[in-house]
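All heavy atoms count here, side chains included; hydrogens, waters and symmetry mates do not. Just so you know, ligand 1 is whichever comes first in the structure, and atom 1 is the first atom listed for that ligand.
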Amino acid sequence: MAATRQVNIAIIGAGGVGKCFLAQLEQLAARRPTPKIVLCYIASSKKAVYSADHAPIALSSAIATLAASSQAPLGLPGLADFLLSSGAHKSVLIDNTSSQDIADAYPAFLRRGISIVTPSKKAFSGSYQLWQDIFSASAESGACMYHESSVGAGLPIISTLRDLVDTGDEVTKIEGVFSGTMSFLFNSFAPASGTGGGKWSAEVAKAKALGYTEPDPRDDLNGMDVARKLTILARIVGLEVESPASFPVQSLIPAELESAASGDEFLARLPEFDAQMEATKAEAEKEGKVIRYVGSIDVATKEIKVGLQKFDRSSAIAGLKGSDNIFSFYTKRYGANPLIIQGAGAGGEVTAMGVTSGLIKVISYQS
Ligand SMILES: NC(=O)C1=CN([C@@H]2O[C@H](COP(=O)(O)OP(=O)(O)OC[C@H]3O[C@@H](n4cnc5c(N)ncnc54)[C@H](OP(=O)(O)O)[C@@H]3O)[C@@H](O)[C@H]2O)C=CC1
Ligand SMILES: N[C@@H](CC=O)C(=O)O
Ligand code: NA
């Protein structure tokens with residue numbers, strides 16, 4: 001079949017980020033009539049919508065159509081066959097899940113010329129071999145791989161760091177607050193201005209309701225989400241970090257809840273352990289300080305740190321608001337004054353923005 005100036009899109013994952021992405025995609029398709037953007041496949045874990053002739057799925061009603069569908073999702077190799085059989089000019093997979101299985105299949109999609117855009121961290125913080133396979137498959141086939149929202153949601157973190165590295169700057173240190181959930185929790189639970197703040201477990205429930213947490217909030221509270229982000233940033237600056245388990249990470253999961261069978265059981269039992277975090281907060285208050293969950297990468301020593309630290313109430317990190325992240329990039333060019341990026345680091349809309357901007361880059365890329 002002759003290639004047409006059309007971009008065919010398959011979306012997997014229609015949760016908090018997926019729904020916001022669909023709304024942004026609808027606006028994008030209306031703003032940019034050429035090349036034609038066609039959603040030809042959408043799936044959650046149990047359902048899918050697609051047709052053999054790749055007929056466009058209406059963007060405005062895609063979520064409702066998916067909810068009402070009785071079609072089962074295609075397997076991943078079948079999905080790649082389906083996308084490629086349309087003859088479209090470009091095919092793009094949007095992975096809005098946090099599935100490791102889907103992440104593991106990225107090299108196979110890329111090798112076949114299917115570009116990928118995702119907010120997921122799984123592919124880039126899994127094994128170092130997977131990281132290498134992904135970028136070598138992309139380089140070989142010319143298919144694009146964008147994952148801006150895997151660190152700092154829509155904030156321009158991945159693009160900025162890649163620009164620093166690609167233009168020959170030398171990054172010496174990266175430090176800051178890398179989790180929207182952790183930022184929201186400590187900004188609410190231990191605010192810099194005065195005392196107050198709700199119970200720790202109530203703030204955790206709020207962070208989940210606001211769409212800041214990972215699908216399983218334990219992935220935030222055990223520090224793994226931050227460790228994954230630091231793994232990604234460290235790899236971009238050239239450190240061959242094997243996995244997020246390669247360096248120490250402070251978990252905020254009470255020992256008694258480490259064996260909770262599910263995220264729901266964990267959340268239900270968390271109020272029993274509120275006193276533990278109260279004690280940590282009180283200890284910092286005695287010194288006139290507040291606690292915050294931070295991370296850092298020292299490039300020369302290859303040391304990566306993730307955990308709680310005490311901060312003066314007047315410091316920039318203590319004064320963050322809401323789900324704000326802050327990233328300080330220390331480089332040879334920027335000298336003693338780091339390049340700083342700050343803003344919301346979680347939430348459906350800002351995360352979807354990083355996915356939509358990746359899709360725009362794929363569409364604009366002349367292959
Ligand atoms: N929320 C945020 O602020 C941010 C999120 N991210 C990343 O964005 C991604 C999505 O997060 P979010 O939208 O909040 O998560 P949600 O839990 O709200 O949504 C996840 C979606 O993925 C689907 N899904 C999960 N596993 C599979 C699978 N194996 N096959 C098909 N579909 C699957 C779920 O389907 P079902 O409902 O059927 O299970 C659901 O539709 C994650 O990787 C997260 O790390 C990144 C930055 C910020
Ligand atoms: N759960 C994550 C979402 C964005 O990466 C966070 O809280 O930062
Ligand atoms: Na980002």
At less than 4.0 angstrom from any non-hydrogen atom of T213, what atoms of ligand 2 do you find? 1 (N)
Kindly confirm or rule out an N or O of S150 lying under 3.5 angstrom from an N or O of ligand 2. no
Test item: protein heavy atom less than 4.0 Å from atom 44 (C) of ligand 1: yes
One residue to check: I12. Relative to ligand 1, which of side chain, backbone, both or neither has a non-hydrogen atom less than 4.0 Å away? side chain
Kindly confirm or rule out a cation-pi arrangement of K289 over F311, judged by NZ or CZ under 6.0 Å from the six-membered ring centre and within 45° of its axis? no
Side chain, backbone, both or neither: which applies to K121 and ligand 2 if a contact is any heavy-atom pair less than 4.0 Å apart? side chain
Heavy-atom protein neighbour under 4.0 angstrom from atom 37 (O) of ligand 1: no
S149 N/O under 3.5 Å from ligand 2 N/O: no
Under 4.0 Å from one or more heavy atoms of D225, ligand 2 contributes atoms 2 (C), 6 (C), 8 (O)
Heavy atom of A153 under 4.0 Å from ligand 2? no
Heavy-atom side-chain proximity of L84 to R112 below 4.5 angstrom: yes
At the 4.0 Å heavy-atom cut-off, does K229 count as touching ligand 2? yes
With heavy atoms only and a cut-off of under 4.0 Å, state how D220 meets ligand 2: side chain, backbone, both or neither. side chain
The protein heavy atom nearest to atom 2 (C) of ligand 2 is E214 OE2, 3.2 Å
Would you please indicate yes or no on a ring centroid separation below 6.0 angstrom for F186 and W200? yes
May I ask you to check if ligand 2 and G180 share an N or O to N or O distance below 3.5 Å? yes
Out of A153, G211, A48, S179, who is nearest to atom 1 (N) of ligand 1 when you count heavy atoms only? G211
Aromatic ring proximity Y41/H54, centre distance under 6.0 Å: no
Just heavy atoms, cut-off under 4.0 Å: does E214 contact ligand 1 by side chain, backbone, both, or neither? side chain
N or O contact, G15 vs ligand 1, cut-off under 3.5 Å: yes
